[in-house]
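My questions all concern the structure below.
Throughout, numbering of the chain's residues begins at 1 and tracks the sequence.
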Amino acid sequence: GTISVSNEDALSQIVLKGSQLCEQAENMVSFTAIDSVEEGHETSTGRQLSAMCIKYPVIAQGALIWAKELASNPDFVTTAAYPTLAPCILCLVRIISLHHPLARPAALELSLIFIGHSNSDISHQKMESIKEQCLRLMLLLSAQGLCIEVISAVKDKLRKNGSSELDSALIRYFVSGLLDTVQTPLTVPFCNSFCELLVERQFVDAL
């Protein structure tokens, strides 16, 4: 269809506003991401960004691109804001995956990036908490139709990096969550993928 000049200007303003909110969120210690649409200038940066990601797929995709670039920066995990900002970003990604099916593969990719993070200056408990949040996001994506992709991603992650990123506790957490998520009847591709995952050395040792 034809986009009028006024509509083009409105879209430009929406994209600009979304970009500004992402930039503001990046410079914060934390922000609040909520699964609802709120209007008004009185709302916080996180609430405005959440609402725009829900309403506009283009903003949701832009937020995922921003989050991936930020998470892929090796300096990000060493910042003082990481322990509080990372859970906020993952929460925003979860909200995006709920409302925009086409964004789910990118959400899976982003969760894998966060699982790969490591910082000895952050407590083990906090890093485990962030990785558990990543796994919960992956379990949600499994329930949304990406079960085979999630299992394949975890299997590839283990084959590439061993247990350095997913320890035994996290593996058990993932398997328990996956078993709670899936329901019968089970498809042949799922059974094949899940069985292949269970015979990986790290899974055998953990389970």
Open item on the list: For a 4.5 angstrom cut-off between non-hydrogen side-chain atoms, does Val93 reach Phe114?
Closed with: no

Task: Glu23 side chain reached by Asn27 side chain, heavy atoms, under 4.5 Å - done: yes

Task: Inter-residue atom distance Cys91.SG - Arg94.CZ, 0.5 Å rounding - done: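 The SG atom of Cys91 sits 4.5 Å away from the CZ atom of Arg94.
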
Open item on the list: Count I, L, V, M, F, W, Y as connected when their side-chain heavy atoms are under 4.5 Å apart, and connections chain through other members. Are Leu11 and Ile65 then in the same cluster?
Closed with: no

Task: Which atom of Ser30 lies closest to which atom of Thr84, heavy atoms considered - done: CB-O, 3.9 Å

Open item on the list: To the closest 0.5 Å, what do you measure between CD1 (Ile95) and CG (Leu90)?
Closed with: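 Taking CD1 in Ile95 and CG in Leu90, the distance rounds to 11.5 Å.
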
Open item on the list: Looking at every heavy atom in both Ala60 and His100, which two are closest together, and how far apart are they?
Closed with: CB-CD2, 3.5 Å

Donor-acceptor list for residues 172-190 side chains, cut-off 3.5 Å, not counting sequence neighbours:
residue, atom, partner, partner atom, Å
Arg172, NH1, Ala206, O, 3.0
Tyr173, OH, Arg136, NH1, 3.0
Thr181, OG1, Gly177, O, 2.7
Thr187, OG1, Phe190, N, 3.2

Open item on the list: Asn119 and side-chain contact (heavy atoms from CB on, under 4.5 Å): which single residue from Thr79, Val77, Ile130 fits?
Closed with: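 Result for side-chain contact (heavy atoms from CB on, under 4.5 Å) with Asn119: Val77.
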
Open item on the list: Would you say that Lys157 contacts Ile115 through its side chain, given a criterion of any heavy-atom pair below 4.5 Å between the two side chains?
Closed with: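 Touching, per the 4.5 Å side-chain cut-off.
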
- [ ] Report the relative orientation of the aromatic rings in Trp66 and Phe31; use parallel for angles under 30°, tilted for 30 to 60°, perpendicular for over 60°.
- [x]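 If you compare the ring of Trp66 with that of Phe31, the planes turn out tilted.
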
Task: Minimum heavy-atom distance between Ala103 and Ile96, given as atom pair plus value - done: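 Minimum heavy-atom separation between Ala103 and Ile96: CB-CG2, 3.8 Å.
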
Open item on the list: Applying side chain to side chain contact (heavy atoms under 4.5 Å, CB included) to Glu149 and Ser152, what does each step give before you reach the verdict?
Closed with: CA-CA 5 Å; Glu149 289 83 352; Ser152 297; 5.8 Å; no

Task: Sidechain N-carboxylate O distance under 4.0 Å for Lys160, Asp156 - done: no

- [ ] Salt-bridge test for Glu200 and Lys155: reply yes if a basic N is under 4.0 Å from a carboxylate O, no otherwise.
- [x]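 Result for this pair is no, no salt bridge flagged.
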
- [ ] Look at the side chain of Gln48 and the backbone N and O of Thr43, then say whether any donor-acceptor pair between them is shorter than 3.5 Å.
- [x]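 Yes; at least one donor-acceptor contact below 3.5 Å.
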
TODO: Using side chain to side chain donor-acceptor pair (under 3.5 Å) as the criterion, list what pairs up with Asn73, not counting sequence neighbours.
DONE: none

TODO: Calculate, to the nearest 0.5 Å, the distance between atoms CG and CG belonging to Asn192 and Leu197 respectively.
DONE: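 Taking CG in Asn192 and CG in Leu197, the distance rounds to 12.5 Å.
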
Open item on the list: Do Asp205 and Ile171 make a side-chain contact, defined as non-hydrogen atoms from C-beta onward lying under 4.5 Å apart?
Closed with: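 Not touching, per the 4.5 Å side-chain cut-off.
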
Task: Donor-acceptor contact below 3.5 Å, side chain Ser72 vs main chain Glu69 - done: no

- [ ] Mind checking the CG-NZ spacing from Leu49 to Lys17? Nearest 0.5 Å is all I need.
- [x] 10.0 Å

Task: Least distance between heavy atoms, Met52 atom then Ile14 atom - done: CE-O, 3.4 Å

Open item on the list: Could you check whether any side-chain N or O of Lys131 sits under 3.5 Å from a backbone N or O of Leu170, counting only pairs where one atom can act as donor and the other as acceptor?
Closed with: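 The answer is no, because no donor-acceptor pair under 3.5 Å joins these two groups.
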
Open item on the list: A quick test of your reading: do over 12 heavy atoms of other residues, nucleotides or ligands sit less than 6.0 Å from CD of Glu128?
Closed with: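 For Glu128, atom CD is crowded (more than 12 foreign heavy atoms under 6.0 Å).
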
Open item on the list: As an exercise, state the distance from CD of Gln133 to CD1 of Ile89, rounded to the nearest 0.5 Å.
Closed with: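 Reported to 0.5 Å precision, the distance equals 10.5 Å.
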
Open item on the list: Evaluate Ile54 against Asp35 for side chain to side chain contact (heavy atoms under 4.5 Å, CB included), listing each step before the verdict.
Closed with: CA-CA 8 Å; Ile54 293 171; Asp35 190 14; 3.8 Å; yes

Open item on the list: Test side chain to side chain contact (heavy atoms under 4.5 Å, CB included) on Val15 and Ser19; report intermediate values, then the result.
Closed with: CA-CA 6 Å; Val15 173; Ser19 300; 4.3 Å; yes

Open item on the list: Can a donor-acceptor pair be found, under 3.5 Å and without considering hydrogens, that links the side chain of Ser129 to the backbone of Gln125?
Closed with: no

Task: Interatomic distance, Met127 atom CE to Ser118 atom OG [nearest 0.5 angstrom] - done: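 Answer for the CE-OG pair, Met127 versus Ser118, is 6.0 Å.
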
TODO: Please report the shortest heavy-atom distance between Leu137 and Ser97, naming the atom on each side.
DONE: CD1-OG, 4.2 Å

TODO: Please answer: with hydrophobic residues joined when any side-chain heavy atoms are less than 4.5 Å apart, are Val29 and Leu21 in the same cluster?
DONE: no

Open item on the list: For a side chain to side chain contact (heavy atoms under 4.5 Å, CB included) check, start with the C-alpha distance between Met138 and Leu146, then their side-chain angles and the critical distance, and finish with the verdict.
Closed with: CA-CA 9 Å; Met138 295 170 73; Leu146 294 185; over 6 Å; no

Open item on the list: Minimum heavy-atom separation for Ser111 and Cys134, please, with both atom names.
Closed with: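 Of all heavy-atom pairs spanning Ser111 and Cys134, the closest is O-SG, 3.8 Å.
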
